[in-house]
Amino acid sequence: MQPTYNSLMPFFIKSTVNPSEWINDQKNEICFIGRSNVGKSTLINALAKEKIALVSKTPGRTQTVNFYDFGQYRLVDLPGYGFMIGSHKLKNQVTSIIDTYLTTRTNLYGVIQICDANVITELDTSMSKYFQQRFKHHYVVLNKIDKRQLHFYQNKIQQIAKYLKISPDKIYFVSAKNKINIDQIHKLINTINQNF
């Protein structure tokens with residue numbers, strides 16, 4: 001018997017590494033991408049208001065493309081770029097999966113890059129530049145702002161925007177752990193979806 005779902009509640013659909021197994025329909029997708037251990041899974045669970053994504057304490061564990069149904073859109077969690085557990089061959093395979101999804105997926109309408117607000121790297125900047133060149137809807141969500149007072153990060157937004165080479169109005173501060181500003185991410189996604 002096939003499982004039944006409440007269409008009003010987000011739910012996990014599938015994980016896969018094979019593009020031939022990706023969902024074949026016309027539903028809009030927005031993807032989360034970032035370095036390993038920036039809290040993508042925790043943010044997905046905060047948006048869903050329940051645990052639908054597995055949260056690992058070990059960086060580099062997400063090595064598949066994970067699909068979640070959020071009603072009006074699908075949220076897709078891509079493997080983390082940068083550090084990754086496994087052999088050189090596996091790392092190349094995962095990099096290829098990310099590239100294939102970003103360059104060929106016609107459902108994709110927005111990229112939300114998740115970064116650690118306390119550790120923004122040159123790799124984050126390089127990826128931000130790439131996303132801005134390729135995608136109309138690219139935004140940066142700086143997670144883990146629970147480490148300091150919010151005004152500390154807000155006072156640095158111009159500096160952060162310059163480093164990431166992105167407009168300050170495309171930067172959002174959140175704490176997935178403490179569920180700070182999660183509503184802003186809901187509004188952002190809904191706005192992107194309405195303007196697709």
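The analysis underlying the following values was restricted to heavy atoms, covering all of them including side chains, and did not include hydrogens, waters or symmetry mates. The residues of the chain are indexed from 1 along the displayed sequence.
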Would you give the length of the straight line joining atom CD1 of I52 to atom CG of L75, rounded to the nearest 0.5 angstrom? 8.0 Å
Heavy-atom side-chain proximity of K170 to V140 below 4.5 angstrom: no
Has the side chain of H138 got a donor or acceptor atom that lies under 3.5 Å from a matching backbone atom of I112? no
Considering residues, nucleotides and ligands other than K177, do more than 12 of their heavy atoms fall under 6.0 Å from its NZ? no
Value for CG (L102) from CD1 (I97), rounded to nearest 0.5 Å, stands at 12.0 Å
When you measure from the side chain of N143 to the backbone N and O of D116, does any donor-acceptor pair fall under 3.5 Å? no
Which heavy atom of L108 sits nearest a heavy atom of G110, and at what distance? CD1-O, 3.3 Å
Between D169 and S167, does a side-chain hydrogen bond (donor to acceptor under 3.5 Å, both in side chains) hold up when you go through it step by step? CA-CA 5 Å; D169 63 1; S167 173; 2.5 Å; yes
Shortest non-hydrogen separation from I182 to A176 and the atoms involved: CD1-CA, 4.2 Å
Taking every non-hydrogen atom, the tightest pair across R134 and T103: NH2-O, 3.1 Å
Working to the nearest 0.5 Å, report the span between CD of E29 and CG of D69. 10.0 Å
Given 3.5 Å as the limit, does a donor-acceptor pair link the side chain of T125 with the main chain of Y163, or not? yes
Determine, using the 4.5 Å side-chain heavy-atom cutoff (strictly less than), whether I189 and I166 are members of one ILVMFWY cluster. no
Heavy-atom side-chain contact between S41 and L54 under 4.5 Å: no
Check the pair I30, F70 against side-chain contact (heavy atoms from CB on, under 4.5 Å), reporting the backbone distance first and the verdict last. CA-CA 10 Å; I30 185 164; F70 273 73; over 6 Å; no
Verify the distance criterion only: is there a donor paired with an acceptor across the side chains of Q113 and Y130 at less than 3.5 Å? no
L164 backbone acceptor or donor facing S128 side chain under 3.5 Å: yes
Are I185 and Y109 connected, step by step, through hydrophobic side chains (Ile, Leu, Val, Met, Phe, Trp, Tyr) whose heavy atoms are closer than 4.5 Å? yes
Under 3.5 Å, is there a donor-acceptor pair linking the side chains of N193 and N28? yes
With a 3.5 Å distance limit and no angle check, can you tell me whether Q132 reaches the backbone of K165 through a side-chain donor-acceptor pair? yes
Non-hydrogen atoms of C31 and L78 that approach each other most closely: SG-CD1, 4.0 Å
Partners meeting side chain to side chain contact (heavy atoms under 4.5 Å, CB included) with K156 (sequence neighbours left out): F152, Q159, I160
Please check if I145 and I120 belong to a single hydrophobic cluster, counting links between Ile, Leu, Val, Met, Phe, Trp and Tyr side chain heavy atoms closer than 4.5 Å. yes
dist N107:CG -> Y73:OH (nearest 0.5 Å) comes out at 15.0 Å
Classify the angle between the aromatic ring planes of F135 and F131 as parallel (below 30°), tilted (30 to 60°) or perpendicular (above 60°). tilted
Is a side-chain donor or acceptor of N155 paired with a backbone partner of H151 at a separation under 3.5 angstrom? yes
So how far is it from N118 CG to D146 CG, rounded to the nearest 0.5 Å? 8.0 Å
Of all residues at least two apart in sequence or in a different chain, which pass the side chain to side chain contact (heavy atoms under 4.5 Å, CB included) check with T121? R35, V119, L123, D124
Whether the T64 and N66 side chains hold a donor-acceptor pair (N or O, under 3.5 Å, no angle test) is what I'd like checked. yes
Is it the case that the side chains of E122 and S126 hold a donor-acceptor pair, with the cut-off being a distance below 3.5 Å and no angle test? no
With side-chain contact (heavy atoms from CB on, under 4.5 Å) as the test, would you mind laying out the steps for L47 and F32 before giving the verdict? CA-CA 12 Å; L47 289 167; F32 278 6; 3.6 Å; yes
Working to the nearest 0.5 Å, report the span between CD1 of I192 and OH of Y139. 5.0 Å
Can you find a pair of side-chain heavy atoms, one from C115 and one from V38, that are under 4.5 Å apart? no
Non-hydrogen atoms of K40 and G34 that approach each other most closely: CD-N, 3.8 Å
Single-linkage hydrophobic cluster, 4.5 Å side-chain cutoff, I180 and L188 together: no
E21, CD atom: more than 12 neighbouring heavy atoms under 6.0 Å: yes
Quick check on K27: does its NZ atom have over 12 non-hydrogen neighbours (other residues, nucleotides or ligands) under 6.0 Å away? yes
The criterion is side chain to side chain contact (heavy atoms under 4.5 Å, CB included); which residues satisfy it with I23, sequence neighbours excluded? I13, D25, F67, R74, R105
Counting C-beta onward and ignoring hydrogens, is there a side-chain heavy-atom pair between V65 and V17 closer than 4.5 Å? no
Below 4.5 Å, heavy atoms only, C-beta onward: do L142 and Y172 meet side chain to side chain? no
Would you say that more than 12 heavy atoms from the other residues, nucleotides or ligands in this model lie under 6.0 Å from the CG of N24, or not? no
Given side chains that start at C-beta, do those of P10 and Y68 come closer than 4.5 Å, heavy atoms only? no
Minimum-distance pair of heavy atoms, taken over all atoms of Y81 and I33: CD2-CG1, 3.7 Å
